[in-house]
Amino acid sequence: MDYRDTPEEAGFRADLRQWLADHIPAGWDKIEDEQEAVALRKGWHRTLYQAGYVGLSWPVEYGGRGLSPVYDAILNEESGNLNAPPLPSVGYIGRAIFTYASEEQKQRFLPPLLSGDTQWCQGFSEPEAGSDLASLRTSARLDGDHYVVNGQKMWTSGGQYADWCLLLARTDPDVPKHKGISAFLVSVKEPGVTVRPIVIASGEAETAEVFWDDVRIPVHQRLGAPGEGWRIAMTTVSYERGPADIGFIAAYRRTLRKVEHLAAERGLLEQPEWRKKLARAYVQGEVLRLNCMEQLSSRVSGRPPGPEGSVAKLLWADAEQSLQHLAMDILGADELTGSAEGWLSSYFTSRPVSVYGGSAQIQKNIIARMLDLPR
Amino acid sequence: MDYRDTPEEAGFRADLRQWLADHIPAGWDKIEDEQEAVALRKGWHRTLYQAGYVGLSWPVEYGGRGLSPVYDAILNEESGNLNAPPLPSVGYIGRAIFTYASEEQKQRFLPPLLSGDTQWCQGFSEPEAGSDLASLRTSARLDGDHYVVNGQKMWTSGGQYADWCLLLARTDPDVPKHKGISAFLVSVKEPGVTVRPIVIASGEAETAEVFWDDVRIPVHQRLGAPGEGWRIAMTTVSYERGPADIGFIAAYRRTLRKVEHLAAERGLLEQPEWRKKLARAYVQGEVLRLNCMEQLSSRVSGRPPGPEGSVAKLLWADAEQSLQHLAMDILGADELTGSAEGWLSSYFTSRPVSVYGGSAQIQKNIIARMLDLPR
Amino acid sequence: MLTLLTDEQQMLKEVAGEIAGSAGLANPSDLTSRNWAATWQSLAQSGLLALRTRDEDGSPVGSGVEVAVVAEAMGAGLVPVPYLGSAILATELLCLAGADDDAARLAEGTARAGVLLNRDLSGLARFPADGMVYGWDVDGAEEALALTDSPEGPRVVRVSLADGFVPAVSADLTRRLLRSDGPIDPARLTTVGRPLTPEDLLRWEALALAAVCADVVGVMRSALAKAIAYAKERVQYGVLIGSFQAIQHMCAEAYVAAEAAASATSYAAWAVDALDPADALLAGWTAKAQCAAVARDVTETVMQVFGGIGQTYEHIAHVHTRRALMDSLVFGDENALLLRIADVRLTGE
Amino acid sequence: MLTLLTDEQQMLKEVAGEIAGSAGLANPSDLTSRNWAATWQSLAQSGLLALRTRDEDGSPVGSGVEVAVVAEAMGAGLVPVPYLGSAILATELLCLAGADDDAARLAEGTARAGVLLNRDLSGLARFPADGMVYGWDVDGAEEALALTDSPEGPRVVRVSLADGFVPAVSADLTRRLLRSDGPIDPARLTTVGRPLTPEDLLRWEALALAAVCADVVGVMRSALAKAIAYAKERVQYGVLIGSFQAIQHMCAEAYVAAEAAASATSYAAWAVDALDPADALLAGWTAKAQCAAVARDVTETVMQVFGGIGQTYEHIAHVHTRRALMDSLVFGDENALLLRIADVRLTGE
């Protein structure tokens, strides 16, 4: 057991830190224009790719560097610490492609995914199929050498900025619901695809819904066999927030520092009560970090993703939401009257953390299964 | 709407207060010997009875005074405020008897129940039938003009001190479980009855288990018709902790005052944090009191006992347990090293408040039914 | 002892519920698309704006109980009209100052007034104030009321909202909030009526607390009712989500919290006119401390039951949360009120 | 970076688990009916009492990680022997003072020692102390260790428990607690070995925190395992109670809390010997703050899942709660540790 970097890891980290210091675009987080912000993120993806920082843990044969997920974690951590632009989220789409795709598909889709030349989104959830993903209704009807897709997807993060979509649709309505789903690799620029941003309670457009009207997809863009969609979805989801994706920990720490400053500005640091609340928030962050490190170690040592991710998810939601409560309690009227810019929005942004990607209730169900409690 | 006493209620309260001041036995709560304590409680029952304070809300024809349950509440409240010995708990047994008994049974059992000449307990729960009371296994087999009872009852409060028991037993194992249960009025002094105290985690004998080995009960001591036991039990239970039984509110307030003194002794009243915690405990007590008053009003205005009692039960458990947590946090090492006598025991006594008489989970189920959420 | 509404109060509740129900927000876009002036007129016509005007004896037409009944209905409907600001808080101030004619105009609905609150929204602004003040619940109001110190005691003053105020971005989408950053020129303050007694101020505060509590009780109860209705129609995994015990218990816990707040609020509302001012105020602090302790949790639970859709701006859930957050803050948040309660409870030590 | 146990540590865990498992309490009556001296001997024979003795280089035979592995097993089994008091805390003090021969006797199991804690159990008693001290985890010990101030720095002292100590009624039924009310005559203190450095004291505290945390993690995990096992066999309403989502989620929440505490504890245990003392101590405070924040709730949840039977004295559930309560308190409760963390975090302001 050693929580420290190995010499190799330490070397990688040192190089990365230097590289980040040299390359992070100045003032990137002050950009207000949405198109400019999108361009910045795409550009950052290409810059990272050119330096070899995309696909660290992908197999070498698919353009990765074949490193352990610890290196992904270091990249996440340092990017967070140095407040770099968001890392491109290619891991879970890539995993789906290099696990299930034909050779031709791999050659076509993986290189631009890695390089950032194409941006992807994930078309899984629907209005009537949130937690219960397998109930999805979007249909893909075979018509000669094409599928014809109709339906509506929701909570498609990045749908507004994506070029391509990993889409789940029902190809066989006559078999049990988990068995009639297939997966597709499809351009969202096709005729019949309409993307509409979803504004969340904070007032920000955080995600999107995507409407599919008679969209035609060539059969050769189906991923895996017909009916294999559920298995592909489960693989993707289990890697969607892997233990190496710990950028949120650095973000949490940055937010905590801001909250500590808010408390200081308001003269609350003299009061034991507020000191304890701030210390408690630190403890929650540490607990989250250390639990994630254990999970990462477990993954590195060869165990496949398992339900222990639900523990981290619940800890994360609780830490994030508690921290926003603390900020609100410190800011009081300033937060609710618009005098503390951004904090009310951050509060509302923290609420769906216990909903998206498996609600808190679903995570607890998963843990109950893991504890072998009866159904 | 008026939260104050009517002139009649105020007169009753004033008389009662004076009477209590004149009659509460000095030093009764310092008695350590258990037999002496039992004798004291029986004596207090008789004293109250002679003064007309038992059965206030019972119909006049059964020896009561036919008053509204508000008078029971006043009796509870003033007894609590003046730290009188515990009130006899005759209401729910009486309710079962005067609702379901034959005329002969009423004449035989009600007068000594009221007067305190006989003490009663309730033989409902069993080791395998706690929340799920209808699964009870104790059997009563008809044998000529007697029933022969075999089984084990648990959580029989006061079983150690009782003369008689309102017993539920299965008389017909071949019908659905709710339909095969009958109720009996039976002396626990019969041969074959063994009472064993149950010591709870606090170290105190709070309740008892009662073993029934071939105990013979004359048929005429069955209460109601064969198979009517479940209905009788439900009536009894719904009146077991009626909204007028608010002695626990006065007890809560007394405990809170003690906790405030503990905090003062330890110099914590200078700290806003502890002031707020104590104020929060006061608010919880007030909320509980006011919620109970509303329930009582609702009962007085003619509505039968309903699931709103579950709200008060949950509020009570939460208030009681939170107050013991607060005491523990104030006392720290003193509570855990035996230097603060009684408090650790009080803590453990507060734990089953969310278990007995319908666990917190059951209460929430009842509320969910009331909210008409689907099964 | 009887804590239930009288038949008359029950009728008032139905009238208020009808107006608030037909006027209530179904979703946030109603805020801009509906005719709220008509709602104000129907409140005026039903006499609901006149509850705190005085009858011939000088007594309020409606007690704190009546006020709470109507305020709860307004909260339940998330009705975006200044019922609390104009019909309760400003009207009461005017009547306490003896300006009955001014109060009558507010009651008729022909004029509206709001109140000025201090920087942390914990109470009425009291001049000379040296900085920021907020005009709270001032939709359609040309002026707002505050206090000023005078040798004869505190006096009610009116301030025009036309100059020096800018719109503030309130968390609560249903109540208009204005801000004035600088000190307000004393020449802009117009004294109203007679000076107030200390008892006047205590009763006014007790009324304000009870009214805000009733509002947030309405917000919580109706939010929860919507979540429960949704749980009865939303299917996942082939069953209604309301059949999951997890959802049932979340709803049950929120229900207990909201009902507990309601119990404390009823008492506080009754206490406004029935108990002596110190006791009425303690009841108000207690109710508000309870409401503020649970309102955020209850409305967050509602958003959680609604799942993804409950997180979107188009959905009504966050409008409940927002009004609940602001209600929890105005006239003192939980921390502030617990400390006041402690000051009363812990003096004997 | 690798946070998993090594193969050797895994083997140690199995050995400790076996001893603790066969020695573990099944119910409270085992406390008096079983032969705990034999358990102590098997711990000695397996070398588990020698983890903090020093090898030829002067390094501890086992690091904080090994200590935590064994301590967790002892906590899980509620084993009523003074593993922490004698084998960890006293042994470490002796070795820090250079009294290796004394430490060896403890490691062999032929003698036992405990520690003296101050009145609020937050740390080692430090003489001249003016009042009450507690001998903690002193079952079978003839003496307990504490500190005394000297011109050369703090020194370890031994105090005989034979005089002046009376049994205290500890909440924790599995660890013997003695109390001395009056000041202890300086003549009764015997100095041991060499003075300690400031770093020695910090490391000792970090070790104490990690060991107690590991103990309470064991208490929580095994309590929860018992509740889960019960939920899989207890039938009510014709089904296993573990099939109720309410029970499932109570268990899941307790599991998350306990695992979070375990993650923080692993790091604190590793930090004892691997990080500089200030960082090790911060890790220890963090772990203990987390453990203390959840241990009461987790063990209360366990009692609740067990229902009525879990409230009885004869049942094992409250023994877990009691040990968890005491573990949460010794060497600093949540409040105390959060304040220390705040002192480190909030100085830059």
Side-chain angles (χ1 to χ4, degrees), chain B residues 125-135 154-155 177 197-207 209 266 271 273-274 317 321 324-325 328-341 343-345 347-357 359-365 368, chain D residues 28 117-122 132 134 136 166-173 177-179 181 234-239 241 244-247 249-250 296-297 299-300 303-322 325-330 332-336:
Chain B
S125 295
E126 299 183 3
E128 301 298 319
S131 303
D132 179 15
L133 185 57
S135 290
M154 226 175 158
W155 319 125
K177 63 181 185 176
I198 297 176
V199 178
I200 67 160
S202 68
E204 313 266 327
E206 283 274 318
T207 178
E209 50 193 340
R266 280 156 183 78
Q271 299 178 29
E273 178 185 1
W274 292 102
Q321 295 179 342
Q324 288 301 328
H325 280 173
M328 187 181 279
D329 294 341
I330 288 170
L331 285 162
D334 287 349
E335 179 158 340
L336 301 189
T337 60
S339 301
E341 208 166 352
W343 285 100
L344 186 65
S345 171
Y347 162 72
F348 277 114
T349 304
S350 78
R351 298 314 311 162
V353 176
S354 56
V355 174
Y356 295 160
S359 69
Q361 300 95 283
I362 299 287
Q363 306 297 349
K364 291 175 199 170
N365 289 346
Chain D
L117 302 185
N118 55 14
R119 186 189 173 129
D120 65 3
L121 305 180
S122 67
M132 192 185 282
Y134 288 98
W136 181 72
V166 294
V169 184
S170 175
D172 181 358
L173 304 177
L177 186 73
L178 298 176
R179 196 181 72 232
D181 288 325
R234 169 78 172 174
V235 173
Q236 290 283 274
Y237 302 104
V239 297
I241 63 166
F244 290 113
Q245 202 179 26
I247 297 286
H249 284 200
M250 285 162 65
R296 184 165 70 185
D297 278 356
T299 53
E300 286 176 354
M303 290 177 74
Q304 184 76 15
V305 170
F306 272 111
I309 198 76
Q311 309 296 327
T312 63
Y313 197 88
E314 289 179 0
H315 195 273
I316 194 70
H318 72 102
V319 188
H320 284 273
T321 308
R322 287 164 172 275
L325 291 172
M326 192 59 116
D327 279 355
S328 297
L329 188 70
V330 290
D333 64 6
E334 189 192 1
N335 280 323

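Below, chain A is the first sequence line, B the second, and so on; all start at residue 1.
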Handout entry: Leading residue by heavy atom contact count with chain B [cutoff under 4.5 Å; candidates Met326(D), Glu334(D), Gln236(D)]
Key = Gln236(D)
Completion exercise
Whatever's closer than 4.5 Å to a heavy atom in chain D on Ile198(B) counts as side chain
Handout entry: Tyr347(B) side chain near Thr321(D) side chain, heavy-atom distance below 4.5 Å
Key = yes
Problem - Interface moiety of Leu325(D) toward chain B, non-hydrogen atoms closer than 4.5 Å - result: both
Handout entry: Interatomic spacing from CG in Leu117(D) to OG1 in Thr337(B) - rounded to 0.5 Å
Key = 11.5 Å
Practice task
Please test Asn335(D) against Glu273(B) for side chain to side chain contact (heavy atoms under 4.5 Å, CB included), starting from the C-alpha separation and ending with a verdict.
Solution key: CA-CA 11 Å; Asn335(D) 280 323; Glu273(B) 178 185 1; 4.2 Å; yes
Completion exercise
Cut-off 4.5 Å, heavy atoms of chain B, and the answer for Ile241(D) is neither
Handout entry: Test log, rule side chain to side chain donor-acceptor pair (under 3.5 Å), inputs Ser339(B) and Tyr134(D)
Key = CA-CA 12 Å; Ser339(B) 301; Tyr134(D) 288 98; 3.3 Å; yes
Handout entry: Glu314(D), CD: over 12 other non-hydrogen atoms inside 6.0 angstrom
Key = no
Completion exercise
In this structure, CE of Met303(D) is separated from OG of Ser354(B) (nearest 0.5 Å) by 9.0 Å
Problem - Atom group of Leu329(D) that falls short of 4.5 Å from chain B, counting heavy atoms - result: side chain
Completion exercise
Given Gly308(D), Gly307(D), Gly310(D), the one with more heavy-atom pairs under 4.5 angstrom with chain B than any other is Gly308(D)
Exercise for the section: Please lay out, stage by stage, how His318(D) and Phe348(B) fare under the test side chain to side chain contact (heavy atoms under 4.5 Å, CB included). Expected result: CA-CA 9 Å; His318(D) 72 102; Phe348(B) 277 114; 3.9 Å; yes
Practice task
Mind ranking Met132(D), Arg179(D), Arg322(D), Met250(D) by heavy-atom pairs under 4.5 Å with chain B and telling me who comes out on top?
Solution key: Arg322(D)
Completion exercise
One option among Met328(B), Glu128(B), Lys364(B), His325(B) has the most heavy-atom pairs under 4.5 Å with chain D, and it is His325(B)
Completion exercise
Ranking Ala360(B), Ser125(B), Pro127(B), Ala134(B) by heavy-atom pairs under 4.5 Å to chain D gives rank one to Pro127(B)
Practice task
State, to 0.1 Å, how close Leu344(B) and Ala171(D) come at their nearest heavy-atom pair, and which atoms those are.
Solution key: CD2-CB, 3.5 Å
Handout entry: Spacing of Met154(B) atom CE and Thr312(D) atom OG1 [to the nearest 0.5 Å]
Key = 6.5 Å
Exercise for the section: Of all the heavy-atom pairs spanning Lys177(B) and Tyr237(D), show the shortest one and how long it is. Expected result: NZ-CA, 4.0 Å
Exercise for the section: Specify the closest pair of heavy atoms between Gly130(B) and Arg234(D), including all atoms of both residues, with the distance to one decimal. Expected result: N-NH2, 4.0 Å
Completion exercise
Cut-off 4.5 Å, heavy atoms of chain D, and the answer for Ile362(B) is side chain
Problem - Part of Asp334(B) lying under 4.5 Å from any heavy atom of chain D - result: side chain
Exercise for the section: Assess the side chains of Ser359(B) and Gln304(D): does a donor N or O sit below 3.5 Å from an acceptor N or O? Expected result: no
Practice task
May I ask you to check whether over 12 heavy atoms, not counting those of Arg296(D), lie within 6.0 Å of atom CZ?
Solution key: yes
